[in-house]
Amino acid sequence: MQWQAAFPTRIYLTGFMGCGKSTIGPLLARRLGYTFLDLDALIVRQAGRSIPEIFAEGGEAAFRALERDALRRTAALDAYVIATGGGALVSDDNLAWALRNGRVVYLQVSADELARRLAPEAAGRPLLQDRHRRPLQGAALRRRIAAMLARREPWYRRAHHVVATDGLSVEETVEAVLHALRTYRASRNERR
Ligand SMILES: Nc1ncnc2c1ncn2[C@@H]1O[C@H](COP(=O)(O)OP(=O)(O)OP(=O)(O)O)[C@@H](O)[C@H]1O
Ligand SMILES: O=C(O)C1=C[C@@H](O)[C@@H](O)[C@H](O)C1
Ligand SMILES: [Mg+2]
C-alpha cells in the first residue's frame, strides 16, 4: 500500500502490564504488513529462563539489564511492531532511545480496567506479587497497580501517540492505533 512507505520502520508499543501490547501488536503488524516482535519473549528466549526465574535469580536489576540490551538490538529491524515490556520504557535512557529509533505508542488503560484484566494473570508477573511471591488479589492488586501506574505515567505519556483504550474492543484498539499513526503521517506531510 502506498501510505505504508511513509510509516516508520519500527513501532514500539508501551504501557502498563495488561494494557494489550502483546495482544494488539501482532494484529497491528498484520494490518501494516510488518513483523511482530515481543521484547519479553525475546529476553526469555535469549536467557533460556522465564521472567519470574530471571527476577528470582538476579532480581529486577538483572532483568532490566537484559531488557536494555534486547531493546538496543531492535535497531537492526525494519518494518517491525515491537511490544516492549511494561517497564522497558520507564527510564529516561530507554525512552529517549526508542523515541529516536521509532514511533512510540502508549496504550492507555485505567487502573480499574487493568486490575480486572490482570486478576487472573498476576502469577506470571513478579511485580504483581507480594514479598512471598504470592500473586496479589482484589483490593491489594488494585492498589499496587494504581501506585505503579501513577509512578510510570510521566514516562508513558511522553510517547509520540497516547491512545486511550478503555471501553474499546481489541479490534477497535487496533483501529485507534492505525488512526493515530495515519494522523501523524498526514501532519508530517503538511509540514513539508
Ligand atoms: N481493548 C483491549 N485491548 C487489548 N487487550 C485487551 C482489550 N480488552 C481486553 N484485553 C485483554 O487484556 C489482556 C492484555 O494482555 P497483554 O498480555 O496483551 O498485555 P501486555 O501489555 O502485553 O502486558 P505485559 O507488559 O505484562 O507483557 C489480554 O488478556 C487481552 O485479551
Ligand atoms: O511492568 C513491568 O515492569 C514488567 C512487565 C512485563 O512486560 C515484563 O517485562 C516484566 O514482568 C516486568
Ligand atoms: Mg506483553
Side-chain angles (χ1 to χ4, degrees), residues 11-31 36-47 49-74 80-91 93-95 98 104-130 133 135-136 141 144-156 159 161-180:
I11 296 166
Y12 293 98
L13 300 180
T14 187
F16 203 83
M17 289 172 268
C19 76
K21 302 174 297 287
S22 303
T23 305
I24 299 302
L27 302 172
L28 181 66
R30 181 144 19 110
R31 288 288 297 276
F36 173 71
L37 174 74
D38 195 304
L39 207 63
D40 281 338
L42 178 68
I43 294 166
V44 166
R45 245 191 344 264
Q46 296 195 328
R49 286 170 295 161
S50 69
I51 291 178
E53 282 167 352
I54 298 169
F55 269 75
E57 287 162 26
E60 182 171 353
F63 178 75
R64 297 297 171 207
L66 295 174
E67 185 175 57
R68 186 185 184 285
D69 288 352
L71 179 66
R72 296 301 184 284
R73 278 198 294 273
T74 65
Y80 267 69
V81 172
I82 298 147
T84 64
L89 303 190
V90 182
S91 110
D93 188 33
N94 284 356
L95 177 62
V104 181
V105 179
Y106 170 31
L107 300 177
Q108 189 183 39
V109 186
S110 67
D112 284 337
E113 174 68 21
L114 288 168
R116 272 192 291 278
R117 288 192 198 172
L118 290 167
E121 297 187 22
R125 292 172 156 96
L127 296 174
L128 301 181
Q129 296 170 3
D130 67 16
R133 299 204 184 118
L136 294 170
L141 177 63
R144 172 75 60 90
I145 291 171
M148 285 180 69
L149 183 60
R151 255 196 328 270
R152 289 177 169 197
E153 274 241 302
W155 281 275
Y156 292 152
H161 307 284
V162 177
V163 178
T165 75
D166 265 17
L168 299 187
S169 68
V170 167
E171 294 73 23
E172 287 167 338
T173 302
V174 173
E175 290 305 329
V177 174
L178 284 168
H179 177 74

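For ligands, and for the atoms within them, numbers begin at 1 and follow the listed sequence.
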- Message: According to side chain to side chain contact (heavy atoms under 4.5 Å, CB included), who are the partners of R72, at least two apart in sequence or on a separate chain?
- Response: R68, D93, N94, W97
Note, [X] side chain near [Y] side chain (heavy atom, < 4.5 Å):
{"X": "V109", "Y": "F16", "answer": "no"}
{"X": "Y156", "Y": "L95", "answer": "no"}
{"X": "V170", "Y": "I24", "answer": "yes"}
{"X": "L28", "Y": "L13", "answer": "yes"}

Would you give the length of the straight line joining atom [atom1] of [X] to atom [atom2] of [Y], rounded to the nearest 0.5 angstrom?
{"X": "I54", "Y": "R64", "atom1": "CD1", "atom2": "CZ", "answer": "11.0 Å"}
{"X": "I145", "Y": "R152", "atom1": "CD1", "atom2": "CZ", "answer": "11.0 Å"}
{"X": "M17", "Y": "L114", "atom1": "CE", "atom2": "CG", "answer": "9.0 Å"}

- Task: Taking all heavy atoms of E67 and all of L39, pick out the closest pair and write down the distance.
- Result: O-CD2, 4.3 Å
- Query: Counting distance only, does the side-chain N/O of R144 pair as donor-acceptor with the main-chain N or O of D130 below 3.5 Å?
  - Reply: no
- Would you find a donor on one side and an acceptor on the other, under 3.5 Å apart, between the side chain of S169 and the backbone of E172? yes
- Query: More than 12 heavy atoms of other residues, nucleotides or ligands under 6.0 Å from CZ of R30: is that the case?
  - Reply: no
- Query: Which N, O or S atoms belonging to the protein are less than 2.8 Å from the Mg ion (ligand 3)?
  - Reply: S22 OG
Does ligand 1 have any N/O pairs with the protein under 3.5 Å, and how far apart?
unit_1: ligand 1; atom_1: 1 (N); unit_2: L168; atom_2: O; d: 2.7
unit_1: ligand 1; atom_1: 1 (N); unit_2: S169; atom_2: O; d: 3.4
unit_1: ligand 1; atom_1: 1 (N); unit_2: T173; atom_2: OG1; d: 3.2
unit_1: ligand 1; atom_1: 18 (O); unit_2: S22; atom_2: N; d: 3.4
unit_1: ligand 1; atom_1: 18 (O); unit_2: T23; atom_2: N; d: 3.0
unit_1: ligand 1; atom_1: 18 (O); unit_2: T23; atom_2: OG1; d: 2.5
unit_1: ligand 1; atom_1: 19 (O); unit_2: G18; atom_2: N; d: 3.4
unit_1: ligand 1; atom_1: 19 (O); unit_2: G20; atom_2: N; d: 3.3
unit_1: ligand 1; atom_1: 21 (O); unit_2: C19; atom_2: N; d: 3.3
unit_1: ligand 1; atom_1: 21 (O); unit_2: G20; atom_2: N; d: 3.0
unit_1: ligand 1; atom_1: 21 (O); unit_2: K21; atom_2: N; d: 2.9
unit_1: ligand 1; atom_1: 21 (O); unit_2: K21; atom_2: NZ; d: 2.8
unit_1: ligand 1; atom_1: 22 (O); unit_2: S22; atom_2: N; d: 2.9
unit_1: ligand 1; atom_1: 22 (O); unit_2: S22; atom_2: OG; d: 2.8
unit_1: ligand 1; atom_1: 23 (O); unit_2: G18; atom_2: N; d: 2.8
unit_1: ligand 1; atom_1: 23 (O); unit_2: R125; atom_2: NH2; d: 3.1
unit_1: ligand 1; atom_1: 25 (O); unit_2: K21; atom_2: NZ; d: 2.8
unit_1: ligand 1; atom_1: 25 (O); unit_2: G86; atom_2: N; d: 3.4
unit_1: ligand 1; atom_1: 26 (O); unit_2: R125; atom_2: NE; d: 2.7
unit_1: ligand 1; atom_1: 26 (O); unit_2: R125; atom_2: NH2; d: 2.7

- Salt bridge E121-R125, side-chain N to carboxylate O under 4.0 Å: yes
- If you count only heavy atoms, which residues are under 4.0 Å from ligand 2? M17, D40, I51, F63, R64, E67, G85, G86, G87, P126, L127, R152
